[in-house]
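These notes concern the structure reproduced below.
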Amino acid sequence: MVVRELPAGRVSGRIVETEAYPLGDAACHAFRGPTARNASLFLERGHAYVYFVYGSSFMLNVSSERPGVGAGVLLRALEPLEGQSLMQRFRKTRRALDLARGPGRLAAALRIDRRQDGLDLCAPGPLWLAAGAAGPVGESVRIGLTREAQRVLRFFERGNPHVSGPRSLSPTSSS
DNA sequence: AGTGCGATTGACT
DNA sequence: GTCAATCGCACTA
């Protein structure tokens, strides 16, 4: 699970959907080497990489390799646990299923922006990762990409309604 | 210095 | 279901 500590209180949720952007993946922002924007992807695994897309959305990633190697995991959806009233305020909606279903919504629900880029998520602080119960895991192709779109690198909890994307990509059972 | 576009979302038919 | 908004950044010149 991911925990956000704010002056107004704590916000947290179970991570129910992720996508991997491994070493050598042309869709990974680190693919063409380090820049000012993607520097956090090259930090020791467990650091936050936050970036801004489409002029409107922040994306929260966790770096996943050794220092100097650029790769990470995008957090795509949460099942809200603590601080749902704060999430409702940040997201400007009351619907529980709309609070953190989708990567941009997730970042907004946690009040994430570039100021959290580079934070160590494995240490106490304003944003950190905690152990949590795991459920049945499903996998699919990634969502929304133009490059390397076919790779099966999206992982989600089967049957969880807080998972984003079309139903066809989030089957309830394997078959 | 100028240009094209993206790991999306929310509004609308 | 479709589609435009919006802006930082990488890339070309």
Side-chain angles (χ1 to χ4, degrees), chain A residues 1-2 4 11 13-43 45-65 68-80 84 86-119 121 127 129 137-157 160-171:
Chain A
M1 51 185 270
V2 58
R4 181 82 167 109
V11 175
R14 287 184 68 231
I15 300 167
V16 296
E17 180 185 355
T18 63
E19 274 177 2
Y21 291 86
L23 183 64
D25 173 13
C28 178
H29 287 181
F31 184 66
R32 292 171 189 249
T35 66
R37 176 175 74 147
N38 69 19
S40 298
L41 278 177
F42 293 82
L43 297 175
R45 62 190 180 190
H47 285 73
Y49 165 52
V50 180
Y51 75 96
F52 186 65
V53 269
Y54 294 121
S56 57
S57 301
F58 289 98
M59 304 278 138
L60 174 60
N61 301 253
V62 182
S63 67
S64 60
E65 293 291 340
V69 179
V73 174
L74 170 69
L75 305 188
R76 287 193 56 93
L78 296 183
E79 175 184 331
Q84 293 193 42
L86 280 174
M87 289 191 186
Q88 291 173 345
R89 191 191 308 168
F90 301 151
R91 287 276 299 114
K92 297 184 171 61
T93 180
R94 300 191 74 79
R95 289 199 59 212
L97 284 180
D98 287 338
L99 291 180
R101 187 177 59 174
R105 293 167 173 174
L106 180 155
L110 296 176
R111 188 155 271 198
I112 297 292
D113 59 37
R114 282 283 290 175
R115 287 174 295 192
Q116 286 74 52
D117 184 59
L119 285 178
L121 303 180
L127 183 65
L129 295 171
V137 177
E139 57 184 46
S140 80
V141 295
R142 294 181 291 193
I143 293 177
L145 303 194
T146 54
R147 297 147 62 131
E148 301 275 2
Q150 309 300 72
R151 300 187 69 179
V152 180
L153 289 173
R154 171 173 172 265
F155 305 93
F156 57 91
E157 182 176 62
N160 192 302
H162 296 277
V163 171
S164 78
R167 245 165 125 87
S168 60
L169 288 184
S170 302

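Residue numbering restarts at 1 for every chain, and letters A, B, ... go by the order of the sequence lines.
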Taking pairs as Watson-Crick (N1-N3 plus N6-O4 or O6-N4) or G-U wobble (N1-O2 and O6-N3), each distance under 3.5 Å, the stems of three or more consecutive pairs with DNA chain C are B:1-6 with C:7-12, B:8-12 with C:1-5
By ring pair (Phe, Tyr, Trp, His ring centres under 6.0 Å), A:Tyr51 pairs with (sequence neighbours left out) A:His29, A:Tyr49
Partners passing ring pair (Phe, Tyr, Trp, His ring centres under 6.0 Å) against A:Phe58 (at least two apart in sequence or in another chain): A:Phe52
A:Glu65: what forms a salt bridge (Lys or Arg N to Asp or Glu O under 4.0 Å) with it, not counting sequence neighbours? none
Residue list, salt bridge (Lys or Arg N to Asp or Glu O under 4.0 Å) with A:Arg142, at least two apart or on another chain: A:Asp25
Non-hydrogen side-chain atoms of A:Pro161 and A:Arg101 separated by less than 4.5 Å: no
Near DNA chain B, which residues from residues 98-112 of chain A have a heavy atom under 4.0 Å away? A:Gly102, A:Pro103, A:Gly104, A:Arg105
Quick one: side chain to side chain contact (heavy atoms under 4.5 Å, CB included) partners of A:Arg115, sequence neighbours excluded? A:Asp113
State which residues pass side chain to side chain contact (heavy atoms under 4.5 Å, CB included) with A:Pro171; sequence neighbours excluded, sorted by chain then number. A:Phe156, A:Arg158
A:Gln116: partners by side chain to side chain donor-acceptor pair (under 3.5 Å), with sequence neighbours left out: none
Just jot down the side chain to side chain donor-acceptor pair (under 3.5 Å) partners of A:Ser40, sequence neighbours excluded, or say none. A:Asp117
Please encode protein proximity along nucleotides 1-13 of chain C as a string of B, S and -, counting only heavy-atom distances under 4.0 Å. -----BBSSSS--
Can you see which heavy atom on A:Leu145 is nearest to which on A:Ala27, and at what distance? CD1-CB, 3.8 Å
How long is the span from the CG atom in A:Leu99 to the CZ atom in A:Phe90, to the nearest 0.5 Å? 11.5 Å
Outermost nucleotides of DNA chain B that come under 4.0 Å of a non-hydrogen atom of chain A: B:dG6 to B:dG10
Passing option when A:Pro103 is tested against A:Met59, A:Glu19, A:Glu17 for side-chain contact (heavy atoms from CB on, under 4.5 Å): A:Met59
Mind checking if A:Arg91 touches a base, just sugar-phosphate, or nothing, with heavy atoms under 4.0 Å? sugar-phosphate
